[in-house]
Amino acid sequence: MDANTCLRRRDDHCCSTGSSPRAVKVYDDSGRPHVMDIYFCRCEPEACTLLRLGLWAASPQSPDTAFSVSLLKSLVSLSLACHVSVEGFCQSLRWRNNLSLHEYNSLYRALVGAAIAEFRHYHYKKSTLQHLCPQLDDGTLCPACSKEDGEKIIMLDANFGLVRKASSGTSYAAPHHGNRMFAEDQKVQSFLESHSDARKPDEDCSDFQAGSRIRSKNTQKKLDVTGVFGAACRHEMPLQFLNMKHGERLGYPVFLIRQLLQQAQNDKLRLHVIYDIACNLKSHLSNPKNRQEHLLQQMQFSIPAFHIYGHKTPCQILYSTRRQEGLGLTDGEGMERIWSYLRPFFRITKEMTPTHRQDLLTDALLHYAKRKSTDIEMSICLRMEKAEKTFTLADEDLKQIIAQAPVPVSEEDILKWEREEKETIRVQKSTPTYTAGIPRWQKEYVMKLTEFHALRQEIADTEDGSDLAASHSILRGIRENLSTIERKHGVSRRWKSSDGGFQRILKKVDEEERTKILSKARTQAWELSHLLRMKAKFPEGQKTGNKVSGQLKTMSGKLEKSCADYNAIRWDPLQTKFPRTINPKEARQPHWEVYTSLDLTFMGQEGIPHSIQRDAIDTLSKKVRSKEEQQMLQEEMKMVMKYLLQEHSKAEQALQGSCKLEEQSVLIGHLVNLEKRMKFAGYLFAKYHPELPDLPVDYLTRIYTPPSFQPSEVQLELDEALSEEEPMSEDDNY
């Protein structure tokens with residue numbers, strides 16, 4: 001049958017209002033344009049008439065252009081799943097279907113309008129059935145997370161790649177999704193204006209860099225949005241996001257936390273926040289000047305597994321996801337995986353208007369959430385198998401470590417060491433630093449004076465005069481600095497190195513300076529050790545392996561610089577525990593005796609090497625977390641079944657209240673899909689929950705006999721998923 005005939009009229013439709021034909025340019029499934037005469041009736045909008053014919057109107061009023069619905073479905077699917085731009089989609093159609101250059105340009109110009117955003121939203125509403133039953137999940141609920149009481153794990157992070165240029169235009173209409181995923185920009189800015197970021201991130205604790213620090217000022221001025229800050233649950237379901245106008249200020253996570261607590265509307269629900277600089281965020285909230293202390297009553301803090309190695313030893317012990325109860329084997333890097341999916345959209349969104357950009361990013365996040373929600377049953381089973389294997393391996397490793405100890409050790413002893421370690425750190429945090437109470441200028445004065453005497457002695461002892469000119473130049477600079485300090489602070493007589501006050505300050509300054517550099521070097525040694533373990537997991541030449549190699553090179557350079565800074569201290573150590581110089585080769589070992597002699601965070605047991613005690617604590621923590629993970633997953637299985645039953649009940653109520661045959665047909669199809677999913681989930685979970693309640697199959701049995709899942713088939717699917725799953729790589733989120 002001729003396509004023009006098919007599209008001319010609606011079959012079996014009689015209308016008293018009359019109809020008249022009008023020429024419409026129609027792009028078919030191949031992207032090729034056709035001019036067709038289509039009859040429009042006055043009894044319904046023209047866009048609805050086109051939709052009945054399988055076409056999508058380019059404009060709501062008097063459309064003169066329309067697209068095949070199948071064509072737009074392909075565009076939306078490829079855009080959300082593969083980050084394909086409209087230009088890339090049109091290029092693929094051109095070469096696949098032999099379109100001319102004119103046809104290609106015509107299709108591209110037609111698709112870049114608002115019609116695609118409208119169709120994406122129509123596709124979203126049709127897939128979630130929000131127009132038939134608003135009570136159904138709109139794509140933002142996590143089936144496995146607690147929604148009423150207990151503890152909810154959330155991960156926070158920022159991405160500075162999802163920018164928007166200030167020159168990309170303005171919007172006059174509100175986003176289709178409203179604030180479903182993104183907080184209102186005006187509310188965020190109002191909160192930041194009234195919120196004081198009194199406590200800045202401690203960059204000695206981690207290599208934290210805000211977005212404004214990694215861009216030039218000129219680049220920063222050209223951006224209307226400098227990035228996106230977001231939150232997700234432990235199952236990587238996107239929760240809430242906002243646009244950033246500055247660098248990564250601590251006000252952004254505070255705003256999101258307040259939003260999430262308000263949405264919960266339940267004092268019984270606690271949040272376990274995992275954030276790259278959770279140590280600074282907790283200190284920020286604890287500061288009375290910020291007036292946010294009440295939030296701490298409903299929160300606990302941790303640092304993601306990969307980022308923890310960039311923090312000092314006390315932070316690694318207090319905030320590691322492996323040392324915190326209630327986290328199981330959660331690594332806290334879920335936001336990195338979301339950014340890995342979302343980041344490629346920046347090529348499209350950086351040139352969009354604010355509304356179109358927000359709608360596309362929201363649709364992308366909803367697509368990602370759908371992927372996670374749809375496969376949540378299989379994901380939980382895969383996690384359970386991994387938790388069981390991890391528990392077995394950790395138990396075997398722990399037995400080997402205990403066997404290496406020169407004296408008998410039990411798991412109770414190791415738990416005692418861990419408690420003592422954490423308590424020691426808390427005491428240290430409340431203890432003043434070495435130089436507390438000494439004015440800053442006095443510390444600087446003593447250091448400069450010591451350098452002056454040491455350099456002058458070096459010049460006197462130098463027999464080769466080739467470097468004397470440079471040394472004398474440095475000496476003159478130090479002398480000028482000393483004179484400036486003396487004039488500014490009224491020092492009438494230069495201090496002597498033999499003075500008691502001078503020696504007292506120098507001893508404290510020496511201990512603080514050397515400890516600070518050694519602590520930094522130890523953190524870098526831990527990170528190097530972690531990167532070496534990661535590199536062993538990836539073959540040479542793989543993208544992730546190349547990235548890890550680059551990070552290894554960078555971290556090695558940082559460690560060598562720390563060693564050079566330590567060796568550049570001109571005076572000799574005033575305590576025997578400090579070496580005169582350090583070798584980068586020795587400094588690469590996290591358990592180097594110099595590090596362990598300074599480790600006041602660990603008391604341990606006399607007679608057992610420090611490395612054995614540390615490995616024992618880490619391995620036992622992994623074993624405990626693995627068991628905890630299994631218990632958490634069993635509870636999440638119950639939550640998933642509860643979620644599916646609630647969705648089934650809501651859809652059934654909507655079906656009973658509907659009197660339209662078309663709506664009933666759609667709802668019955670949704671109920672059948674829910675029952676199929678429940679039956680499969682019930683079979684997967686039966687191994688861990690044999691007491692699961694009877695599941696409804698009323699609508700499923702009306703259509704056909706429910707499928708029976710054979711144990712071998714399900715196990716084969718699980719094994720294939722385990723073998724095909726790629727190891728997680730740590731993406732750079734800038």
Side-chain angles (χ1 to χ4, degrees), residues 1-7 23-38 47 50-51 53-59 63-124 126-127 161-165 168-169 340-353 356-357 359-368 370-371 541-544 546 724 726 731:
M1 186 180 293
D2 182 71
N4 198 28
T5 305
C6 294
L7 294 172
V24 177
K25 181 187 283 188
V26 175
Y27 292 89
D28 63 16
D29 295 352
S30 66
R32 186 166 276 108
H34 305 272
V35 177
M36 297 183 175
D37 291 329
I38 297 179
L50 289 172
L51 192 57
L53 298 172
L55 300 174
W56 184 260
S59 58
D64 55 6
T65 303
F67 308 92
S68 163
V69 168
S70 178
L71 176 73
L72 296 190
K73 281 183 178 180
S74 298
L75 173 57
V76 170
S77 298
L78 289 170
S79 172
L80 298 181
C82 308
H83 313 99
V84 175
S85 65
V86 173
E87 182 182 10
F89 178 73
C90 293
Q91 288 279 9
S92 68
L93 288 177
R94 180 187 180 188
W95 302 120
R96 188 184 71 180
N97 301 316
N98 198 27
L99 301 182
S100 67
L101 179 61
H102 174 74
E103 290 173 328
Y104 160 77
N105 289 331
S106 173
L107 176 64
Y108 177 71
R109 285 193 297 268
L111 286 175
V112 292
I116 302 305
E118 296 284 351
F119 182 80
R120 271 202 323 267
H121 193 60
Y122 160 78
H123 188 263
Y124 159 77
K126 187 177 178 182
S127 63
L162 294 169
V163 302
R164 196 191 86 87
K165 295 181 179 179
S168 298
S340 179
Y341 162 74
L342 209 60
R343 189 179 294 109
F345 284 103
F346 90 94
R347 293 188 294 269
I348 308 170
T349 58
K350 66 180 180 180
E351 303 283 356
M352 283 183 166
T353 61
H356 286 169
R357 172 183 174 275
D359 275 333
L360 178 55
L361 291 179
T362 300
D363 283 320
L365 288 167
L366 290 169
H367 173 77
Y368 189 89
K370 185 178 181 180
R371 280 168 42 186
Q542 192 184 45
K543 181 180 178 181
T544 304
N546 293 338
E724 292 174 1
E726 295 182 0
D731 289 301

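Along the sequence shown, the residues carry numbers beginning at 1.
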query = For Lys350, does the NZ atom have more than 12 heavy-atom neighbours from other residues, nucleotides or ligands under 6.0 Å away?
reply = yes
Let me check something: any side-chain donor-acceptor pairs from residues 74-86 under 3.5 Å, sequence neighbours excluded? List them with distances.
unit_1 : atom_1 : unit_2 : atom_2 : d
Ser74  : OG     : Ser70  : O      : 3.1
Ser77  : OG     : Lys73  : O      : 2.9
His83  : NE2    : Tyr341 : O      : 2.6
Ser85  : OG     : Gly88  : N      : 3.1

Is there a side-chain contact between [X] and [Y], using heavy atoms and a 4.5 Å cut-off?
{"X": "His356", "Y": "Leu360", "value": "no"}
{"X": "His121", "Y": "Asp359", "value": "no"}
{"X": "Trp56", "Y": "Ser68", "value": "no"}
{"X": "Leu71", "Y": "Leu93", "value": "yes"}
{"X": "Ser100", "Y": "Arg94", "value": "no"}
{"X": "Gln91", "Y": "Phe89", "value": "no"}
{"X": "Tyr124", "Y": "Leu366", "value": "yes"}
{"X": "Lys165", "Y": "Glu351", "value": "yes"}

Using residues 110-120 as the side-chain source, report each donor-acceptor pair under 3.5 Å to any protein atom, sequence neighbours left out, with the distance given to one decimal.
unit_1 : atom_1 : unit_2 : atom_2 : d
Glu118 : OE2    : His176 : NE2    : 3.4
Arg120 : NE     : Asp363 : OD2    : 2.8

Check whether Asp28 reaches the backbone of Ser30 with its side chain - one donor and one acceptor, N or O, closer than 3.5 Å. yes
Ignoring hydrogens and geometry, is there a side-chain-to-backbone donor-acceptor pair from Arg164 to Met352 under 3.5 Å? yes
Walk me through whether Thr65 and Tyr27 qualify under side-chain hydrogen bond (donor to acceptor under 3.5 Å, both in side chains).
CA-CA 8 Å; Thr65 303; Tyr27 292 89; 6.0 Å; no
